[in-house]
Protein chains: 2
Amino acid sequence: MATIEDVAKAAGVSASTVSYVLSGKRSISAPTRRRVEQAIATLGYRPHAGARALASSRTNVIGLMAPLRSGVDVSVVMQFVTGVVTRARDVDHDVLLLTQDDSGGLERVAAGSMVDAIVVMDVEADDPRLPVLRALRQPTVLIGLPHDPAGLSCVDLDFEAAGRLGAVRLAQEGHRQVALVGSPPEVMDRHTSYADRVVRGFRQGCDEHGVRHVVVPCEPTPDGARRAVDAVLADAPGTTGLVVHNERALPHVLAHLAERGHDVPGDAAVVAICPTDVALAQRLPLTSIDIPGELIGGVAVDMVMARLGGDQPAETRLIAPELTARASTAAREV
Amino acid sequence: MATIEDVAKAAGVSASTVSYVLSGKRSISAPTRRRVEQAIATLGYRPHAGARALASSRTNVIGLMAPLRSGVDVSVVMQFVTGVVTRARDVDHDVLLLTQDDSGGLERVAAGSMVDAIVVMDVEADDPRLPVLRALRQPTVLIGLPHDPAGLSCVDLDFEAAGRLGAVRLAQEGHRQVALVGSPPEVMDRHTSYADRVVRGFRQGCDEHGVRHVVVPCEPTPDGARRAVDAVLADAPGTTGLVVHNERALPHVLAHLAERGHDVPGDAAVVAICPTDVALAQRLPLTSIDIPGELIGGVAVDMVMARLGGDQPAETRLIAPELTARASTAAREV
DNA sequence: ATGAAAGCGCTAACAT
DNA sequence: ATGTTAGCGCTTTCAT
C-alpha cells in the first residue's frame with residue numbers, strides 16, 4: 001500500500017503538503033495541487049484509516065445501535081438503518097453496526113475510539129443505556145424519546161401526535177367506539193418508547209372527542225391478530241374503527257376482519273400507523289399515518305454531525321405525523 | 001482517556017507488558033498479570049482502535065456489504081446480517097455496514113485498512129464486484145454463488161438443490177403439472193444468484209420426474225401475486241402444485257388461491273422456500289424448505305476468519321436444503 | 001505557499 | 001518473565 005510519504009515523493013513535495021491537499025485545511029497552489037492529485041491517482045493512494053484516527057482523533061465512522069429485539073418489525077428497522085447509512089455516506093462517514101442491546105458494545109466502540117458519534121435505536125422509556133450514553137465523550141442521538149432525555153439529543157416521529165391523529169380522525173368520521181390494536185405485548189412490556197407514546201396519544205385523542213375506546217396489544221401472527229380482533233369485538237362490540245400500529249399483524253387483522261364478515265371500511269374503518277409502502281401492500285390500500293424511517297434516520301445523522309462540529313446543546317426533534325386517506329376509511333353515515 | 005502508558009505506570013510495568021497481558025502473546029507471571037488487570041480496571045482503560053490498527057495491521061472489523069435494494073426481502077436479509085454480526089462478536093470483531101449502492105465502498109474500506117475481511121451478500125451471477133474483490137488483500141466471502149467463483153470463497157444455501165427438492169417432493173406426492181412462483185422480476189433480471197439457481201434446480205427436478213411445469217416471476221404485492229397465480233392457472237390449467245420462492249408474495253399468493261376457490265393443499269399444494277418463521281406465520285403452516293440465514297451468516301464469518309488466519313485456499317460451501325412437511329402439502333389421491 | 005518534525009497510542013522485534 | 005525501542009502512517013504545530 002502506498003503511504004502519504006510515497007505520494008509526497010512522487011509529487012516532489014512534503015508529506016504535510018499532501019495531507020493539506022487532502023484536507024483542504026490550507027491553501028495550495030494550483031500546480032502543486034495538480035501534481036499531488038496526479039500522484040495520488042497513479043499510486044492509488046488511500047489514507048490509512050487507523051493512522052488518521054490516531055493522529056486526528058476522528059474516525060469518520062458513526063456507531064449505530066440497532067437491536068433486533070423480538071416483536072419489532074425488521075423491515076421498519078431497516079428503513080431507519082438505510083436512512084442512517086445513506087446520510088452518513090453523504091457526509092463522508094461509514095457506519096459500524098451494533099445489534100446487541102448491551103451497553104458494553106457502546107462502551108467498547110466509544111472508549112476504543114472506533115466511532116465519532118453514536119445513533120441509538122429502539123429506545124425504551126427508562127432505557128438502561130441512557131446513563132452510559134450520557135457519560136460518553138462522543139455525541140449521541142436517540143431515535144425515540146425516553147422519559148428523561150436530559151443531555152441527549154432525540155429524534156423520532158411524534159408518535160403521541162400520531163396516536164392522537166388516528167383517534168381524532170376516526171372521531172371526526174363519526175365513530176363513537178374505537179380500538180387501538182397496538183404493538184406486540186413484549187414491546188409494550190418493555191415500554192418501548194414509540195409503543196407507549198402511541199397509546200398515550202390515542203387515549204388522549206379519544207378522550208378529547210368523547211369516544212369510547214379500548215387498547216389491545218397484538219402478537220404479530222395470524223393467531224395473535226385473531227385474538228386481538230376477537231378481544232376488541234368481545235369487550236367492545238360496538239367498535240367501528242381501528243387504529244392499527246403493528247406492521248406485521250396488519251395483514252392478519254384485515255384477514256380476520258374479513259373472515260368475521262366485517263367489511264372495511266363499511267363495518268370497520270382502519271387507520272394504520274406504518275410505513276407507506278406497508279399500507280399500500282395490503283389487500284386494500286390503507287388510510288395511514290406514515291412512519292418515515294429513512295427520513296428520521298437521516299435527520300439523526302444530521303443532528304449527530306451538528307453536535308460533532310460545534311458545541312450545540314442537546315435537542316429533541318419530533319416529526320409531525322401526516323395522515324393520508326385511502327380506501328380503509330370513509331365518513332360514516334349517520 | 002487512559003493510555004497503555006498510564007496503565008503501565010499504574011501497574012509498575014512497561015507498556016509492552018500491558019500489551020502482552022492483553023494479547024496473551026507471551027506468558028506473564030500471575031502477580032504481574034493481576035496488577036496490570038487491576039490497573040486496567042481502575043483506569044477504565046481501552047486500547048485505542050486506531051493505534052492498534054496502525055501498529056498491528058489488524059482492525060478487528062469485518063466489512064459487510066448488504067443489499068438494501070428493491071425486491072429483496074429485508075427481513076430475510078436481516079437474518080443473514082444477524083448471523084454475521086453475532087458470529088463476528090463471538091470472534092471479537094465488529095461489523096462495518098456497507099450498502100450495495102455504495103459502489104466505491106469496498107475499495108474505500110479495504111484500501112483504507114478499515115476492515116480485516118469482507119462479507120458480500122446478494123451476489124449476482126456475473127457480479128461486477130467480483131474483479132474488485134479479487135484484487136483486495138483482505139479475504140472475502142460471498143454469500144451467494146456467482147458463475148465463476150475462482151479465487152473467492154462462497155457460502156450459501158444450495159438453492160439449486162432446494163429448487164429441485166421442491167419439485168421432486170411435489171412429483172412424489174403425485175403432481176403432474178407444477179409451477180414455480182419465483183422472485184420478483186427485477187431480482188430475476190439481475191440474475192441474482194439464488195433466483196437463478198432455484199429456477200435451474202426446479203426445472204431439473206421436474207424434468208427428471210417427467211412433470212410439466214411453468215416458472216413465473218412474481219412482484220411482492222397483492223396485485224403481483226394475483227397476476228402470477230392467474231398466469232399459472234391460465235397457461236397451465238392443470239397445475240396442482242406450487243413451489244413459492246418469494247417471502248413477501250407468499251401471503252398474497254395464498255390469499256388469491258383462496259379467493260379463486262382453490263383449497264390448499266386439496267386443490268393446490270404449496271412448498272415454500274423461505275425462512276421457517278415466515279412459513280409458520282402464514283394462514284396455515286406451510287411445508288417449507290428453510291433458508292437458514294443466521295446459520296449461513298455465521299458460517300460466512302467463520303470462513304473469512306479462517307482465511308485471515310492461515311493461507312487457506314478459497315472454498316465454496318453449499319448448505320444442503322431440508323424440507324419440513326406441514327399443512328400445505330399432502331399426498332395426492334390417485 | 002510549503003517544509004520539518006513532533007507526536008498520536010499501540011505492537012512486536014530485539015534484548016536480557 | 002519482563003523491559004527497550006523502533007516504527008506503523010498520519011495530522012498539525014511551528015518555522016520560514
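These numbers come from a predicted model, not from an experiment. In what follows, every chain begins at residue 1, and chains take the letters A, B, ... in the order their sequences are listed.
Listed by residue number, A:Y20, A:K25, A:R26 are the residues of residues 20-29 of chain A with a heavy-atom contact under 4.0 Å to DNA chain D. Taking every heavy atom of residues 38-56 of chain B and every atom of DNA chain D, pairs under 4.0 Å involve B:L54, B:A55, by number. Taken residue by residue, residues 4-16 of chain B places heavy atoms nearer than 4.0 Å to DNA chain C at B:I4, B:S16.
Taking the charged nitrogens against the carboxylate oxygens, A:E37 and A:R33 do have a contact shorter than 4.0 Å, which makes a salt bridge. Ion pairing of A:D156 with A:R317 is absent here, as no side-chain N (NZ or NE/NH1/NH2) approaches a carboxylate O to less than 4.0 Å. Ion pair A:R108/B:D94 flagged as a salt bridge, since at least one NZ, NE, NH1 or NH2 atom sits closer than 4.0 Å to an Asp/Glu carboxylate oxygen. Using a 4.0 Å cut-off between charged side-chain N and carboxylate O, B:K9 and B:D6 make no salt bridge.
If you take CZ of A:R35 and P of C:dA1, they are 14 Å apart, rounded to a whole angstrom.
A:R69 places a side-chain N or O within 3.5 Å of a backbone atom of A:D122 that can act as its donor or acceptor partner. Under a 3.5 Å cut-off, the side chain of B:T99 and the backbone N or O of B:L68 do not form any donor-acceptor pair. Checking side-chain atoms of B:Q138 against main-chain N and O of B:V115 turns up a donor-acceptor pair under 3.5 Å. Distance alone, capped at 3.5 Å, places no donor-acceptor pair between the B:T86 side chain and the B:G83 backbone. The backbone N or O of A:E294 sits nowhere less than 3.5 Å from a side-chain atom of A:T82 that would complete a donor-acceptor pair.
OP1 and OP2 of C:dT2 both lie 4.0 Å or more from every side-chain N or O belonging to A:T17.
Among the heavy atoms of the strands, none lies under 4.0 Å from A:S57.
With A:Y20 as reference, A:I28 is the one residue of A:T32, A:V36, A:I28 to meet the side chain to side chain contact (heavy atoms under 4.5 Å, CB included) rule.
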